[in-house]
Structures are given as structure tokens and as C-alpha cells.
Number of protein chains: 2
Amino acid sequence: MKKITIGEASRRSGVKVPTIRYYEGIGLLAAPSRSEGNQRSYETADLRRLTFIRHARELGFEVDAIRTLLSLQDEPNQSCASADAIAKARLVEVEQRIRSLTALKAELEMMVEGCGHGRVDQCRVIEVLADHGECMHSHH
Amino acid sequence: MKKITIGEASRRSGVKVPTIRYYEGIGLLAAPSRSEGNQRSYETADLRRLTFIRHARELGFEVDAIRTLLSLQDEPNQSCASADAIAKARLVEVEQRIRSLTALKAELEMMVEGCGHGRVDQCRVIEVLADHGECMHSHH
DNA sequence: CTACATCCTCTAGTGGCTAGAGGTGCAAGA
DNA sequence: TCTTGCACCTCTAGCCACTAGAGGATGTAG
């Protein structure tokens, strides 16, 4: 068994060193064994787990959701309904976020196009922000 | 001059009461005059400013950007180049965010579609997260 | 005059890290 | 062997933009 230092674990998983320690602190990653000099010593299973976490975080899953996904991963006999539900919920969130960002983009484009690059009192950027009536948002 | 309480200012601007006080604390909104009983008393100008802030926050502008936008608004003779630059930067951010969320959505859809609703060891949700090679992300 | 909503200040907590202080361990070169 | 210098350790505090709650004062309707 080769010992993997936290630095190497970081390099190989793409998770920063303080973040690995943070994950240990919040119980997302089990505390590894220590070397004689009290330094953390990881194994390849830990690298897999870290990569899993990093990937899930990149997909925008919250730490609590990841906790659930990890516990599911540990028991392969279980039904994957929970994992499916979590992913679906995340998909709905992402779709909603894309919709609102797209509306936003249109509004920002109107602001930027309308700005005559002159003085502030003719600038649509300020105007659109200041005047509620200009706003395209449906929720107003 | 009718006095506007913080609660009414909140209702009319759409900014929550503690958030208004918070904005005062960080110097985004000037401290208003007070009633005899030490209660904040706003004027219509404050309502306009609060609405401006709320709208800018909804568009995802950071508090620091809003500070700049507000100072521009206060001096209408100035060039609007800064406001334009801020809005453009925000537009670029939003476009980037939409792109990455769209990639994400595709990945989530693949995960959810692939899940056979059986046991975890056949579930693509877990599999995709665990196995780096499955990942579509370009940055890997 | 009494309820009761609203207001006040203050502190602490949220999520998911990140930065820094102040110290120890370890491997390689002189 | 010594020393240089990086990587590691723990701990606390900070980030953003709020939000929650304690504990008390004020204002208003019936």
C-alpha cells in the first residue's frame, strides 16, 4: 500500500487541499489514517470518493444531496429511486435557472444596446434599472 | 411629507425589512431621519433607490457594482461608460453561466434517462458521478 | 387601557469554502 | 550532518448577501 499525501490526493482528485480537510470536518469524507508524523494518508478508494464529490459539486449538487448519493453508492443493492429523485430535482432547478438567466440576458442586451455611450442621463443601463416600468420580468 | 415606515418601504420596494437595515449598515442606502420614537422614516427618493437596488440584485449585479451604478445615477452629467462596462461584464457572465448550465442539463438528462429505476448498481446517476470517463465536461 | 403588530439593536448562523497565523514533518542537496 | 524549503498540521477568522432570533421599545386599533 503506497501512502497518498493530501497534496497528491488533491492533485489527483482536483479538490483543493483545504477543501479536502473541510470535507473531512463536515463528515463528507471519512478521516483517513495518519502517518507517524500525524500526516493524513489516503487510499485509492478515497480518491474515487473525492472525484465523485468534485463531480457532483460541479453539477451543482448541494453537500447534503451528495451525502445521500454517497450513502446510496455504498449500498449497491438498494433501489436507486432516491438517486433518481435527487437528479431529477436538480434537473428541474437547472432548467428553471436557464429560463430565468435567458430572460435576464435579453434584458441586459436591451440595456447595453440602448446605451448611446453618451451621458448618464441618456443611458439605458441606468434608466432600465431605475424605472420599474421598463422591466420585462414577469414577476413584477 | 408623509412619513414612510420601514415596513411600508419594504412593501413598496419589495426589499425585506432586515435587508433594508442591512443595506443601511453597509452604506448602500443612506441612514434616514428618525421619528421621535427612534423609528426610521423614509421618503419617496429612498423608495426609488431601494427599487433600483432590488432590480439590480435581481439582475445579479453584485453589491459593489450597484454601489458604482448608484453613484453614477447621482451624477447624470458623467459619461455612462462605467455603467455600460458593468452591464456588459454582467452580460458576459450570464452568457457563460447559460452555456455551462446547458451542458449540465444535457448531462443530467442523460443520467436520468439512463436510470433504469432498478438497483443502485445499475443506476446511471451514481455511475456517471462515480466514473470520470462518462463525463461530458470539456474541462476534464 | 389593553392587545398586538411593528419597530429597535444586537449577535450569531447560513453554505461552501478560502486565507492566514504559527508551528511541525520530511526529502534532497551541500 | 546540516540546512533549506516545501508540504503538512491545527485553529481561527473572513467571504457574500443575507436571515433568524433574542429581548425590549413604540405605535395603533378597538
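The figures here come from the full heavy-atom set of this structure, side chains too, leaving out hydrogens, waters and symmetry mates. Numbers restart at 1 for each chain; the letters A, B, ... are given by sequence-line order, proteins then strands.
Close approach of DNA chain D to chain A, defined as any atom under 4.0 Å from a non-hydrogen atom of the protein, starts and stops at D:dC8 to D:dT10.
The stretch residues 18-37 of chain B touches DNA chain D through B:Thr19, B:Tyr22, B:Tyr23, B:Ser35, B:Gly37, each having a heavy atom within less than 4.0 Å of the strand.
Each of A:Phe61 and B:Arg11 was matched to the nucleotide of DNA chain C holding its nearest heavy atom; the match closer to the 5' end belongs to B:Arg11. Two residues, B:Glu62 and A:Ile6, neighbour DNA chain D, and the one matched to the more 5' nucleotide by heavy-atom proximity is A:Ile6.
In this model, the phosphate group of C:dT9 is approached by a side-chain N or O of B:Arg40 to a distance below 4.0 Å at OP1 or OP2.
With sequence neighbours excluded, no residue satisfies salt bridge (charged side-chain N to carboxylate O under 4.0 Å, His left out) with A:Arg99. For A:Thr102, the side-chain contact (heavy atoms from CB on, under 4.5 Å) criterion is met by A:Ile98, B:Ile98, not counting sequence neighbours. Evaluation of the salt bridge (charged side-chain N to carboxylate O under 4.0 Å, His left out) rule for A:Arg97 yields no partner, not counting sequence neighbours. By the salt bridge (charged side-chain N to carboxylate O under 4.0 Å, His left out) test, B:Glu109 is found to be paired with B:Lys105, residues two or more places apart in sequence or in another chain being considered. For B:Glu36, there are no side chain to side chain donor-acceptor pair (under 3.5 Å) partners at least two apart in sequence or on another chain. By the side chain to side chain donor-acceptor pair (under 3.5 Å) test, A:Glu93 pairs with A:Arg90, sequence neighbours left out.
For the pair A:Lys3 NZ and C:dA27 C1', the interatomic distance rounds to 10 Å; values are reported in whole Å.
Expressed to the nearest 0.5 Å, how far CD of A:Glu62 lies from CD1 of A:Ile86 amounts to 10.5 Å.
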Which pairs of donor and acceptor atoms, one on a side chain in residues 12-29 of chain A, lie under 3.5 Å apart (sequence neighbours left out)?
| from | atom 1 | to | atom 2 | distance (Å) |
| --- | --- | --- | --- | --- |
| A:Arg12 | NH1 | A:Glu8 | OE2 | 2.8 |
| A:Ser13 | OG | A:Ala9 | O | 2.7 |
| A:Ser13 | OG | A:Val15 | N | 3.2 |
| A:Glu24 | OE1 | A:Arg40 | NE | 2.8 |

